[in-house]
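Remarks on the structure that follows.
Read the numbers this way: they start at 1 and go in the same order the structure lists the ligands and their atoms. Just so it is clear, the structure is predicted and the values come from calculations on it, not from any experiment.
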Amino acid sequence: MRFVVHGQPKSVVNCHCNLCRSLNGSAYSTYVAVAEDELELTKGEPRTFAISEDVSKQFCDSCGSPLYNTNSVYRGLAILHLGALDNPRAWTPQANIYCESQLDWVEKLDQQKSLVQGFG
Ligand SMILES: [Zn+2]
């Protein structure tokens with residue numbers, strides 16, 4: 001799958017909601033939300049999995065990597081997975097959202113850095 005985004009992201013966030021955690025198998029998900037009509041699919045067609053009436057997940061038809069989500073609550077947005085972008089370092093999250101579901105250890109990581117042996 002290849003795609004191009006025309007225009008600038010609407011937002012870049014870390015989502016800590018339970019649905020994203022479950023969908024993506026990760027503690028939280030970093031998303032780059034762009035206007036759906038500014039997303040051009042240039043190679044391949046994503047496969048779509050309907051999570052619910054409101055939420056769909058698009059993923060690569062050849063490797064299964066998650067590409068983006070759509071959610072009728074956020075109509076008009078393609079919610080791209082940061083890791084699906086060629087240049088993920090170009091985007092820094094502006095906010096954490098759905099923090100009420102955030103795992104307790106996430107915000108404590110920085111404080112524990114000195115305790116980690118061999119990782120820096
Ligand atoms: Zn979420």
Side-chain angles (χ1 to χ4, degrees):
M1 275 291 322
R2 300 294 299 166
F3 59 84
V4 174
V5 176
H6 305 281
Q8 290 298 305
K10 305 299 180 198
S11 61
V12 183
V13 298
N14 293 325
C15 182
H16 296 269
C17 84
N18 292 319
L19 177 61
C20 291
R21 179 162 37 249
S22 172
L23 288 178
N24 302 321
S26 58
Y28 60 91
S29 303
T30 304
Y31 294 118
V32 178
V34 302
E36 207 169 3
D37 59 7
E38 293 180 347
L39 175 66
E40 180 187 356
L41 305 174
T42 56
K43 185 181 173 197
E45 272 296 317
R47 291 214 186 160
T48 299
F49 186 82
I51 306 299
S52 68
E53 228 172 79
D54 293 320
V55 179
S56 290
K57 180 176 183 174
Q58 276 62 228
F59 55 96
C60 178
D61 63 345
S62 57
C63 73
S65 297
L67 299 172
Y68 63 97
N69 300 336
T70 54
N71 185 332
S72 64
V73 172
Y74 307 110
R75 194 173 302 283
L77 290 180
I79 305 167
L80 296 164
H81 290 260
L82 179 73
L85 301 173
D86 285 341
N87 56 344
R89 290 175 196 275
W91 310 108
T92 301
Q94 303 152 322
N96 290 300
I97 61 173
Y98 294 97
C99 296
E100 64 277 11
S101 308
Q102 181 175 303
L103 298 179
D104 292 343
W105 53 262
V106 171
E107 67 183 20
K108 295 175 184 162
L109 286 179
D110 239 359
Q111 300 161 22
Q112 296 176 348
K113 188 175 176 185
S114 62
L115 301 176
V116 179
Q117 299 291 320
F119 287 94

Open item on the list: Distance alone, cut at 3.5 Å: any donor-acceptor contact between the side chains of Asn96 and Asn14?
Closed with: yes

Task: Residues Asp54, Arg75: salt bridge by 4.0 Å N-O rule - done: no

Task: Criterion side-chain contact (heavy atoms from CB on, under 4.5 Å) against Val4, the qualifying member of Thr42, Leu41, Leu39 - done: Thr42

Open item on the list: Checking side-chain contact (heavy atoms from CB on, under 4.5 Å) between Pro93 and each of Thr30, Leu82, Val13, Val32, which is the one that passes?
Closed with: Thr30

- [ ] Could you tally the protein N/O/S atoms lying less than 2.8 Å away from the Zn ion (ligand 1)?
- [x] 3

- [ ] Give the intermediate values and the outcome of ring-ring contact (aromatic ring centres under 6.0 Å, His included) for residues Tyr68 and His81.
- [x] CA-CA 6 Å; Tyr68 63 97; His81 290 260; 8.8 Å; no

Open item on the list: Would you say that more than 12 heavy atoms from the other residues, nucleotides or ligands in this model lie under 6.0 Å from the CD of Glu100, or not?
Closed with: yes

